[in-house]
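Below: one structure, written as structure tokens.
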Amino acid sequence: MPEEVQKGLEDVVALSSRITFIDGKEGRLVYEGYDIRELAEHSTFEEVAYLLWYGRLPTTTQLEDLRGRLRPLRTLPEELRALLDRLPATASPMDALRTAVSALATLEPGETRTGASSIGGALRLTAALPTIISEQHRRRQGLAPLPVRPELDHAAHTLYQLTGREGTPLENRALDVALILHADHELNASTFAARVTASTLSDLYSAVTSAIGTLKGPLHGGANERVMELLRSVANDEEIEAAVQQRLARHERIMGFGHRVYKVEDPRATILRDWSRRLGEAAGNLTWYRRLRRVEEVVHREKGLYPNVDLYSGSVYTLLGIPDDLFTPLFAVSRVAGWTAHVLEEYEDLRLIRPVAQYIGPNHLTYVPIEQRTA
Ligand code: CMC
């Protein structure tokens, strides 16, 4: 039995995977051998999803086939829409998403959701997540669901579903890049949760439900919402430094900084910084970009911390017109490709994930009958 506990499982190698490699010292992120910078420059989300699921880049025919299979799966079963209708208007989008994915499992044919060859489930979840988020978001505002638009690619369709309007080519590309950047990230907490669930031979939908519940926490998903709160908390650019200093003086964490694996700048932050500026320039609004640059300077100077993916993503989504409380659901829209790829990999070489705990409680106590116990 190991004596030492690695708190938070830091640096513990829990399993082997061929999907994603992170070099935390060099600040490199690699999917199936391809550097994220190249994928963000040249590929699309569908191409990256194919890469994660099949371990190789698709040919034109394979990509078109994948797109063709995803499009009809965007439409939700009527029973699920009825369930979304019954959720309280106050339900958080992440609670609604977790509930809907769990419910969807009961509405799908068995072969789609169970067993080792559940690529059908991966496609279904990837296609359906944006529709679930969109329909719940619109219902709570008293708006009717949007008609599905089969001619739009995944990123363009997701932007249309979350904002109710069609994006410009620049906006669609910005979201496509953001989806590519978030598609996988090795053994992050939600992916680990998905793999633990799959390792019991449970089904893909249960694994993704576990993952969504895990992503919900602000230390994983949700940091970008807090970044936007900080940026909006000041009346002008000059006040942002003081706002950061106040938080540091109160020993608060500044969201969007630090990372368990990266010891230098997260490469996803570098790419999103550029997109934040590009979208800001196109919109004639560089406020968020300017403030974020100042925040970066201060946090690096005071704490030596580098930005992570969440620092700039919120500004990109805000400039795309996406509401703050859909940021984490949007993370799930992208990461579902990685979660499902990891679950399929887990099924290929399965061993129950079951670590051990170092026991630090009492031992050898004598049982006292209830009537003799004192408070
Ligand atoms: N602001 C201020 N101080 C920080 C921050 C921060 N954002 N991050 C780490 N530190 C300090 C922390 O207080 C600690 O200092 P000390 O040793 O003096 O107590 C030291 O750095 C090490 O922190 P840690 O919590 O032991 O590091 P961790 O590896 O457990 O945590 C983290 C990683 C991401 C949870 C943490 O950096 C954090 O809370 N960041 C803010 C939340 C955030 O941006 N989350 C998004 C993560 S990226 C999304 C993803 O890849 O999934």
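Counting starts at 1 for both ligands and their atoms, in listed order.
Using modelled atom types and a 3.5 Å distance limit, the side chains of T20 and E186 yield no donor-acceptor pair. Side-chain atoms of R268 and N308 form no donor-acceptor pair, as typed in the model, at a separation below 3.5 Å. One side chain, H342 or R195, offers a donor N or O that lies under 3.5 Å from an acceptor on the other.
Between H185 and H220, the ring center distance fails the sub-6.0 Å criterion.
Seen from the ring of F21, R28 does not count as a face-on cation partner, given the 6.0 Å and 45° thresholds.
At a 4.0 Å heavy-atom cut-off, the residues surrounding ligand 1 are H185, L219, H220, A223, R253, I254, M255, G256, F257, G258, H259, R260, R268, K303, L305, N308, V309, D310, listed by chain and number.
Within the structure, no pair that satisfies the ring-ring contact (aromatic ring centres under 6.0 Å, His included) test touches residues 266-295, not counting sequence neighbours.
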